[in-house]
Amino acid sequence: MTREMDYALRIMRALYQKEQLSATAIAQQEHMPKAVTLKILKQLRSAGLVDSRRGPSGGYLLLRPCEEMNLWELFQAMGGGMLINRCQQPGYQCENRSADNCALSLELSRVQQVLDEELQRTPLSQLFQEEPD
């Protein structure tokens, strides 16, 4: 998992907890550099996961409830999925073997499918809930 993905998760968690926050407030709450926070917010906005409002009562907010979003969707929004090997990329052409003739590629495809299913299984809201004392 990339550092940008970690930051994206932290931004989504902050917005889940407070509903609407400025980029500065998110950066402070999540202990992130403001420039990086703005960069990730731009990506999340482009992906249709968050929106922004201007003005004194403005800030960033989620476009959909976290109950309707999952890690897989967030990985996609941040520039692709979590791939376990480059041969799992769509359209990848191996210089050694064709994908349907390679036991390693076939097994990695099976594992990739399981990983994708797991990333889609749990809603973000479940990940962001505070643990009971």
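Given the structure is predicted, the values throughout are model-derived calculations rather than measurements.
- With sequence neighbours excluded, no residue satisfies side-chain hydrogen bond (donor to acceptor under 3.5 Å, both in side chains) with S22.
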request  = Check the pair L61, V50 against side chain to side chain contact (heavy atoms under 4.5 Å, CB included), reporting the backbone distance first and the verdict last.
outcome  = CA-CA 5 Å; L61 62 148; V50 303; over 6 Å; no
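- L74 CG to L124 CG: the interatomic distance, rounded to the nearest 0.5 Å, is 6.0 Å.
- In this structure, the side-chain contact (heavy atoms from CB on, under 4.5 Å) partners of A14, at least two apart in sequence or on a different chain, are L21, I26, Q29, E30.
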query = Given E4 and I40, is the side chain to side chain contact (heavy atoms under 4.5 Å, CB included) satisfied, shown in steps?
reply = CA-CA 7 Å; E4 285 186 338; I40 302 299; 3.8 Å; yes
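- Atom CZ of R64 is surrounded by more than 12 heavy atoms from other residues, nucleotides or ligands within 6.0 Å.
- A continuous path of Ile, Leu, Val, Met, Phe, Trp and Tyr side chains, each step under 4.5 Å between heavy atoms, connects L38 with I11, placing both in one hydrophobic cluster.
- In this structure, the separation between CE on M78 and CG on D6 is 10.5 Å, given to the nearest 0.5 Å.
- Side-chain heavy atoms closer than 4.5 Å link hydrophobic residues (I, L, V, M, F, W, Y) into clusters, and following such links, possibly through other members, connects L49 to V36.
- Follow the hydrophobic side-chain contacts under 4.5 Å out from M32 and you reach L127 in the same cluster.
- Contact check for E117 versus R121: no side-chain heavy atoms found under the 4.5 Å cut-off.
- The line from CD of E67 to OH of Y16 is 5.5 Å long, rounded to the nearest 0.5 Å.
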request  = Show your reasoning for whether side chain to side chain donor-acceptor pair (under 3.5 Å) applies to Q112 and D116.
outcome  = CA-CA 6 Å; Q112 183 70 53; D116 289 346; 3.0 Å; yes
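- For the atom pair CE of M69 and CE of M12, the computed distance is 3.5 Å after rounding to the nearest 0.5 Å.
- Here the side chains of L9 and F128 are in contact, with some heavy-atom distance below 4.5 Å.
- Residues P123 and C66 come closest through the heavy atom pair CB-O, 3.8 Å.
- Residue L41 holds its CG atom at 11.0 Å from CG of D51, rounded to the nearest 0.5 Å.
- The two residues M5 and F75 have their closest heavy-atom pair at CG-CE2, 3.5 Å.
- Within the 3.5 Å criterion, the main-chain N or O of G58 finds a donor-acceptor partner in the side chain of Q20.
- Taking CG from L44 and OG from S52, the interatomic distance works out to 11.5 Å, rounded to the nearest 0.5 Å.
- Without hydrogens or angle criteria, R10 side chain to H31 main chain gives a donor-acceptor distance under 3.5 Å.
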